[in-house]
Structure formats: structure tokens, C-alpha cells
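Structure first, then comments.
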Amino acid sequence: MTKKLFIKTWGCQMNVYDSARMADVLAPLGYQPVDEPDGADMVILNTCHIREKAAEKVFSELGRLRILKDGKAAAAARGETDGQDGRMILAVAGCVAQAEGEEIVARAPFVDMVFGPQTYHTLPEMVAKASRAAGSVLNTDFPAESKFDFLPEEAASQGVSAFLAVQEGCDKFCTFCVVPYTRGAEFSRPAAQILAEARRLVAGGTREINLLGQNVNAWHGDGPDGGSWGLGRLVRELAEIDGLERIRYTTSHPRDMDDDLIRAHAEVPQLMPYLHLPVQAGSDRILAAMNRKHTADDYRRLVDRLRTAKPDLALSGDFIVGFPGESDADFAATLKLVTEVGYAQAYTFKYSPRPGTPAAVDGAQLSEEVKEARLAALQQLINAQQVAFNHGFIGRTVPVLFDRVGRRSGQLLGRSPWMQSVHAEANERLLGRIVTVRVDAALANSLAGTVATGEFSTSAIGPSSIGLAPTGPVTQTLEASA
Ligand code: 5AD
Ligand code: SF4
């Protein structure tokens, strides 16, 4: 008998990917995904711990779910559940489970399973245990084996644009970040496993693969040819897969951007001209306190090298404002760096002290007011850059990979090579195809366009075919203004 599985996912793309993998693991046990927790046989909260209030959000969600769980049991007791056992297995997964598993079990004993990100392949055992035993099953181990060796193959189709986890965990220990504690040490999946998964995805209709990792460009592995591969080499091998039109990767650390990967941006047409390359802050003092192990100028030089290799590269970033001890001058250095680099878009965060991280116990915490004001100023600057970037496309044609139907009927949604969402009136048969679209308007977070011609071939993509003006070298700007 099929059972209903509801998964709620918070946080990063890795969590989205993990939720899909959990559904794959549970499918052979009869669990099928549903859109509502009401009446579900299992509810999994896949949680994120990166910024504050994560645990509180989980507990308030659990409060609501407890009512559904009790309601389902009561209905079964009245004989109203078609012979099902009336049980709703409640589970908390992800990084909050990893960091605060014991507290969850203590505060919410009605939760049946609490387990961390490295244990998903053991879900069948945990479910069996939870079905037998009263009380919660807690599993926050970092097992010696890699879950990737045990997870089942992904379900047949992951859609036109799919994620593929190639790397997980982090050894960098930025002083603000919980990831090294919740996801564990850096781990790279073997190249052969990744290539096999990519081929299966493409055979199932995927045209774009987004390689995922907390430190994706730290990926390294032994290639099937016996050589040692970095991410650039992996990208080149993936580009050989027939039918795979687009390759992206996220999230990268500036220190792991090696020459070969930079060259791949110039040489591999399938590698999209968009890079999420967080710098976090523009002041060397703050970068040192964050344990980033690079300076603002290192980052500027890196951006120059990238743009020399790929002049139309669109950059995205992450920024934290209000890190402990950040002065007005430090924050001004962040604004200066953003101004010089020029982002197509970026994510901005107020610093949030995370339990167990070094920066959380720094005595120089800043007030909420200061953080708010700096966040607003940075967001204003980044929004202006995003608007300018998008407006630069009006009147141009861009190759759009349509991957979804739009909200309005007759409309398809897709992405440009530079990661912009583009919508246009288009026949559904164009789903999964790369189509040339003329951009008519730039909205706050997307472009609106008209289908211009038939299909677009990836090999035709290049700065000259698009006519984007390359941004000037950042280091020169710096030197000129210094
Ligand atoms: N406070 C605020 N932002 C954070 N990030 C990570 N940890 C924190 C924190 N403690 C941000 C970083 C990272 C992104 C995923 O989340 O910018 O790149
Ligand atoms: Fe966190 Fe830094 Fe590792 Fe990124 S590099 S996951 S910010 S510790």
C-alpha cells in the first residue's frame, strides 16, 4: 500500500537535493511524495542551521505537526482511516537535527526520528526502528562510509535542470559558519560515480546540471584514467556527455579557484558564464577575523583573471554585514569592493552568532540597529547593480533554456546563461529546449521576452555573439583610485 510522504525543506540547494534523495531512499518502502502534511504517513522537516531562529522555526512547525499527528491517530482510533495504522512518523533531518538533536528529542519527545545529513542512506533501518520502538530514534553520526555509496539511484527524471551533489562538507572553518560542524569534513564523490549519475540524468531528460557542494570548487578526485582531477577536469568530462547543454557549479570558495577551472570558463561552451563566488566582506581586517585566508585584493585579482578568461562572466556573491568588530571603515571597504567588482546579483546577510562557532563568543558584537542599517545600504547598492545588469539586456537576444511552465497560461520560464529568470509566451513543446528570446523588459528579479527564433545551439554562445560589454579590470580600478 502506498504511504504518503511530506518533506518540508529549508535552506540551501544541498538540502533541496538531499530531500529528493531521501524520497528516493523511501520510495522502495512504499512512500510517495505528497504536497500537504495533513494525513501523511511520514513528515520530514529538512532543516537549516546557517542563520538564527532555525531551531525556533523547527519547534513551532513541530507544534503544528503534533496536532496533525494526534488528529490522525484519533481518526484511526475511530476507524476512519481506511485500515491504515493512523501513525504519522515525524522526523527532523538536516543541520538543526545534527547540531541540536538531543535538544529536539528532549523538548519534542513526540518526534520519532532525528537524524543528521550524513545518515540518509540508513533511513530504512531508522524507519524500521521507529516503527518498533517507542521514543525517538536519534542518529547524528558521521559514519565512516560515504552515504553516496549507499544511496539508491535517483528517480528517473529530475527535470530539465537538475542538481548533482559532487562535494559535501567543509574544512575551512570560517569563524562565523556552522557548516564544518553540521556537514562534517570535506568529501569529494568519486568522478566515476558523478559521471554515471550525470549520464542517467541526461538520459532522463536533464539538459542542465548544477554541480553542488558547500565548497564545490574544492572538489578533487581520482579520475577513471588514474589521474588526479580537479573540478575543471570534471567539467570538461561532463561536457562530453551528449545532450548535456549546460553546466553550472555552486558554491565556490575564492581560495579553491584554480587555473584549470578558470580556463574551463574560457574553453568549455557548456560551462555557463555565471559564478557564485562569495567574498563575505571587503575589509582585510574582517576577512582575517573571519578566517577566510585571503585578502580583498586577492579576490579582486581573481575576479580579473576570471573576466580575462570569460569577459561576460556574471558574478554573484554572499556578504555578511555586522560581523563582530566591523567598523564603519570596514563596512565602507565592503561597499567599495562591491562597487568595483560589480555583481549581477548577490545575497546579503546580517551576521548571526551561531552556537559553537568562534565569532559567536567574540566580545565585539554589534547592535541590531547597526546591522540593519548596513544591510539596507549594501542591499541598495547590490539592487542597483542587479537592475543595471538586467536593464543592459533589453533589446538583446539571449538563449533561454525553458525548464518550467509559467504561472500564466501559455507562458514558459527558463534561465539565461547568466542565471536570470526569463519568461515568454511559448509553446510547451519548447520545454527542455534552448530557445532564442528577445528581451523586452527587465523586471525586479526577472526578464520578460518574446521567442525570437527556433532553437539555439550552445556552441554559438560567446561574448561576441551576445555583445555584452566586458566589465573593466577590477585591479586597475583599484589602482587608479588608490
Ligand atoms: N551569519 C550570517 N550569515 C552567515 N552565513 C553563514 N553563516 C552565517 C552567519 N553566522 C552566510 C554566508 C554564507 C551563506 C551561505 O550564508 O554568507 O556564504
Ligand atoms: Fe562555511 Fe566558510 Fe566552509 Fe563556506 S567556506 S561552508 S562559509 S566554513
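All values derive from a computational prediction rather than experimental measurement. Each ligand, and each atom within it, is numbered from 1 in the order the structure gives.
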Provide, to 0.1 Å, the distance between [atom] and the closest protein heavy atom, together with that atom's residue and name.
atom: atom 2 (Fe) of ligand 2; value: Cys174 SG, 2.3 Å
atom: atom 14 (C) of ligand 1; value: Asp318 OD2, 3.4 Å
atom: atom 6 (C) of ligand 1; value: Ile50 CG1, 3.4 Å
atom: atom 2 (C) of ligand 1; value: Lys350 O, 3.3 Å
atom: atom 1 (N) of ligand 1; value: Ser352 N, 3.0 Å

Under 4.0 Å to a heavy atom of [X] - the qualifying atoms of ligand 2, by number:
X: Phe176; value: 7 (S)
X: Lys172; value: 5 (S)
X: Pro180; value: 8 (S)
X: His253; value: 5 (S)
X: Phe173; value: 8 (S)

For Arg354, take its heavy atoms, then give the atoms of ligand 1 lying under 4.0 Å from any of them.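 With Arg354 as reference, the close atoms of ligand 1 come out as 10 (N).
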
Check ligand 1 against Phe349 and write out every atom of the ligand that is under 4.0 Å from a heavy-atom position of the residue.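 Contacts of ligand 1 toward Phe349, numbered from 1: 2 (C), 3 (N), 11 (C), 14 (C), 16 (O), 17 (O).
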
Location of contacts on Pro278 toward ligand 2, heavy atoms closer than 4.0 Å: neither

Record the part of Cys170 in heavy-atom contact with ligand 2 below 4.0 Å; permitted values are side chain, backbone, both and neither.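 Answer for Cys170: side chain.
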
Determine, considering heavy atoms only, which of Gln280, His49, Arg51 sits nearest to atom 11 (C) of ligand 1. Arg51

Out of Val179, Asn215, Val178, indicate the one that has the non-hydrogen atom closest to atom 4 (Fe) of ligand 2.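 Of the listed residues, Asn215 has the closest heavy atom.
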
Locate the shortest heavy-atom distance separating [X] from [Y]; write the atom from each residue and the value.
X: Asn215; Y: Gln167; result: N-OE1, 2.9 Å
X: Leu287; Y: Ala296; result: CD1-N, 3.5 Å
X: Leu195; Y: Ile241; result: O-CD1, 4.3 Å

Examine the proximity of ligand 1 to Ile320 and report which part, side chain or backbone, both or neither, has a heavy atom under 4.0 Å away. side chain

Side chains of [Y] and [X]: any donor to acceptor distance under 3.5 Å?
X: Glu168; Y: Gln118; value: yes
X: Asn445; Y: Gln386; value: yes
X: Gln345; Y: Tyr274; value: yes

Consider every N or O of Phe176 and every N or O of ligand 1, then say whether any pair is closer than 3.5 Å. yes

Considering the options Leu123, Leu90, Ile44, Val92, which one meets the side-chain contact (heavy atoms from CB on, under 4.5 Å) requirement together with Met113?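 Single pass found, and it is Leu123.
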
Quick check against the 3.5 Å criterion: does Arg189 have a side-chain atom that pairs as donor or acceptor with the backbone of Ala165? yes

Give a yes or no answer on whether the side chain of Ser136 reaches the backbone of Leu138 with a donor-acceptor pair at less than 3.5 Å.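 No: the side chain of Ser136 does not pair with the backbone of Leu138.
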
N/O/S of Cys177 less than 2.8 Å from atom 2 (Fe) of ligand 2? no

Where does the angle between the aromatic ring planes of Phe319 and Tyr343 fall among parallel (under 30°), tilted (30 to 60°) and perpendicular (over 60°)?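 Taking Tyr343 first and then Phe319, their aromatic rings stand perpendicular (interplane angle over 60°).
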
Does the plane of the ring in His265 sit parallel, tilted or perpendicular to the ring in Tyr249? Use 30° and 60° as the thresholds. tilted

What do the steps show when you test Phe323 against Phe349 for ring pair (Phe, Tyr, Trp, His ring centres under 6.0 Å), and what is the final call? CA-CA 10 Å; Phe323 186 80; Phe349 308 105; over 10 Å; no

